[in-house]
**Q** 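Below are the structure tokens for one structure; questions will follow.
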Amino acid sequence: MNLLSASSAASFVGQQVLIQGWVRTRRDSKGGFSFLEVNDGSALASLQVIADQKLANYESEILKIGVGACVTVRGTVVESKGQKQAIELSAEEVTVLGSADATYPLQKKGHSLEFLRSIAHLRARTNTFGAVARVRSAMAFAIHDYFRKNGFVYLHTPIITASDCEGAGAMFRVSTLDPEKLPRTPQGSVDFSQDFFSRATSLTVSGQLEAETYALALGKVYTFGPTFRAENSNTSRHLAEFWMVEPEMAFFDLDMNAALAEDFLKTVLRTVLVGCPEDMGFLASRADYPVHETLQHIIESPFERLSYTDAVAILQKSGKKFDYPVAWGQPLQTEHERFLTEQEFKRPVIVTGYPKEFTAFYMRLNEDGKTVRAMDVLVPRIGEIIGGSQREERYDRLVARMQEAGLNTAEYEWYLATRRYGSAPHAGFGLGFERLIQFATGMENIRDVIPFPRYPQHAEF
RNA sequence: UCCGGUGUAGCUCAGCAGGUAGAGCAGGUGGCUGUUAACCACCGGGUCGGGGGUUCGAGUCCCUCCGCCGGAGCCA
């Protein structure tokens, strides 16, 4: 007998099958049978099971099946007499694998996303989180698929790093030292030479520097893995642990980098839109704005590209009053970015050429000596979804910028060596995977697009 | 971390001139029905986020801590 996923039952009408899943609701008919809605996670839709009183355990077990119970059902797929589903399963045997009593937190009613976050171990059993999980998975595969088809090598960069500054924010310390008895140097500071790695180490905030070294050997590489930022960020767009996609390409300049970012985003969005119509449709119906139209528009229209200098001019000419004044040399604020992408252009915007003062040391300096070949891809609602740059491949300029940034170049000898031996122009970017999922699904809080979110005060489960 | 809001039954919420708490859903019982967030009746269910204070009396006022939500900063 076939063990079926509920989503494929429709093509087995008339056949005897086995399905296994969790009961979403039970409705009893005094006509002598019960309806069980069983969901096995294979799709958004549940399968309606008809359990007749002639079943041996009808009184003893089936009538006591609560929301959340796990069952195995053997039965025949038949056309439904009801209106809301085409087929249903006429049960010949219902086995309760795991019961669920009245304390089961999920009920047949709407729950707030905040409440569901507090029961992250059970929230995957809801329509919304089941859909998000399937879309997330599909999107991850779409990303790998995109890079594979475009000749990229999938690279695993280290999670533990000794770089004390990768230019991307506060880091989580990794140590096996006993915090109660920290070894001290004669000067009184913590003696990390006695730590596991004989030096201070942290969780990575980016795999970029390592990825660069492989790009300068294999041509096109990308990383896709967990990333950690110890920033005390309390927003709907930040996590302490998130997944980042970082392609790095030798012989790419900034324009090629931007073109890749645009094609990549469009391809991945199109893939989940056509590949997950049911889940995407459900999530879109829950969002407070037209997700499908927005995505379709983005897939079809070219991204706007403009320089930081032009962006500043547009913002100044807009006549719009901003909380933070716009001035060349100052970073663009979120309100400025959102104005550009949501109101001025109404589509994704790629801003390039930021002043070097507030950009990372590894970004290539432009001929004007004032700006760098950086780019931010801004999308409506989310803001910055991608940050990238052409990298500084010229040894002397790179060293100079590292010194300006106050970095100890001795610790980056391995990185600098790539510029000393066979250096090449190259570029890359970082994409926040969860932000992309947010953007695609319309989910408002980034904590709801990752199974077990880590953020300040929260590392449960 | 900053600004604003908020925290009441298992869940979603109401209560507010300070006078010892209420609805819907969930659960139990009964009725009814190829039902579909089923429906009808009845029943059980609360240290009103934690701590402190003002008051004869605090869910309601004040202080403080914590969580949550929105916005900001940092960024992906």
Side-chain angles (χ1 to χ4, degrees), chain A residues 24-37 45-52 64 66-68 78-85 88 90 100-119 122 126-127 166-170 205-208 224-246 261 322-324 331-338 358-360 376-379 382-388 429-439 444-450 455-458 460:
Chain A
R24 289 289 177 81
T25 173
R26 187 197 84 233
R27 294 179 293 272
D28 302 323
S29 166
K30 284 299 187 295
F33 56 95
S34 295
F35 300 95
L36 300 177
E37 249 175 61
S46 299
L47 182 64
Q48 177 162 285
V49 172
I50 310 299
D52 195 86
K64 293 175 184 163
V67 176
V78 298
E79 289 182 14
S80 179
K81 297 177 192 169
Q83 299 300 308
K84 297 203 176 181
Q85 60 282 317
E88 61 195 19
S90 179
D101 67 17
T103 63
Y104 183 63
L106 294 169
Q107 293 162 25
K108 349 188 246 189
K109 67 188 282 294
H111 291 285
S112 68
L113 295 174
E114 294 77 37
F115 168 68
L116 293 173
R117 212 172 290 148
S118 73
I119 52 165
L122 293 171
T126 63
N127 287 336
E166 291 173 338
V205 293
S206 166
Q208 179 197 317
F224 186 175
T227 307
F228 307 87
R229 303 272 168 93
E231 304 286 352
N232 189 14
S233 295
N234 291 288
T235 80
S236 57
R237 304 180 302 284
H238 289 85
L239 290 167
E241 177 183 291
F242 64 100
W243 286 63
M244 188 152 67
V245 178
E246 295 181 286
F322 294 107
D323 293 336
Y324 292 83
L332 296 181
Q333 301 292 319
T334 296
E335 59 175 341
H336 305 146
E337 296 178 340
R338 292 187 68 158
F358 55 81
T359 52
D376 280 352
V377 180
L378 312 175
V379 296
I382 309 295
E384 183 181 348
I385 198 166
I386 282 177
F429 61 80
L431 165 98
F433 184 48
E434 284 77 15
R435 287 190 182 172
L436 180 60
I437 301 170
Q438 270 189 285
F439 185 60
E444 290 184 14
N445 198 310
I446 199 166
R447 296 162 187 169
D448 297 328
V449 297
I450 189 168
Y455 52 103
Q457 319 298 329
H458 292 277
E460 305 92 337

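On a predicted model such as this, the values are computed, not experimentally measured, just so you know. Reckoned from all heavy atoms, side chains included, excluding hydrogens, waters and symmetry mates.
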**Q** Return no unless some side-chain N or O of A:Thr25 is found under 4.0 Å from OP1 or OP2 of B:A38.
**A** yes
**Q** A:Asn234 has an atom CG; how far is it from atom C1' of B:G73, in whole Å?
**A** 11 Å
**Q** What is the distance from CD of A:Gln83 to P of B:U35, rounded to the nearest Å?
**A** 9 Å
**Q** For each nucleotide in nucleotides 23-29 of chain B, reading 5' to 3', give B when a protein heavy atom comes within less than 4.0 Å of its base, S when such contact involves only the sugar-phosphate, and - otherwise.
**A** -BBSS--
**Q** Can a side chain N or O of A:Gln457 be found less than 4.0 Å away from OP1 or OP2 on B:G67?
**A** yes
**Q** Write down the distance between CG (A:Leu36) and P (B:A38), rounded to a whole number of angstrom.
**A** 12 Å
**Q** Answer yes or no: does a side-chain N or O of A:Ser206 lie under 4.0 Å from OP1 or OP2 of B:C75?
**A** no
**Q** B:G73 phosphate, OP1 or OP2: any side-chain N/O from A:Thr334 under 4.0 angstrom?
**A** yes
**Q** Measure from the side-chain heavy atoms of A:Arg435 and tell me the nearest of B:A72, B:G70, B:A76.
**A** B:A76
**Q** Grab the CD-C1' distance between A:Glu79 and B:G34 for me, whole Å please.
**A** 15 Å
**Q** Of the nucleotides B:U1, B:A37, B:G34, which has the atom closest to the A:Glu88 side chain?
**A** B:G34
**Q** Which dot-bracket string describes RNA chain B (Watson-Crick N1-N3 plus N6-O4 or O6-N4, or G-U N1-O2 and O6-N3, all under 3.5 Å; [ ] crossing; | other strand)?
**A** (((((((..((((.....[..)))).(((((.......))))).....(((((..]....))))))))))))....
**Q** Verify the contact: side-chain N or O of A:Gln48 to OP1 or OP2 of B:U35, cut-off strictly under 4.0 Å; return yes or no.
**A** no
**Q** Would you say a side-chain N or O of A:Arg27 is under 4.0 Å from OP1 or OP2 of B:A38?
**A** yes
**Q** Any salt bridge linking A:Glu88 with A:Lys81? Criterion: basic side-chain nitrogen under 4.0 Å from a carboxylate oxygen.
**A** no
**Q** Let me know the distance between CG of A:Leu431 and P of B:C75, rounded to the nearest Å.
**A** 17 Å
**Q** Suppose you measure atom C1' in B:A41 against the same atom in B:U60; what distance do you get, rounded to whole Å?
**A** 35 Å
**Q** Does B:U36 have its OP1 or OP2 closer than 4.0 Å to a side-chain nitrogen or oxygen of A:Lys81?
**A** no
**Q** Are more than 12 heavy atoms, taken from residues, nucleotides or ligands other than A:Glu79, located less than 6.0 Å from that residue's CD atom?
**A** no
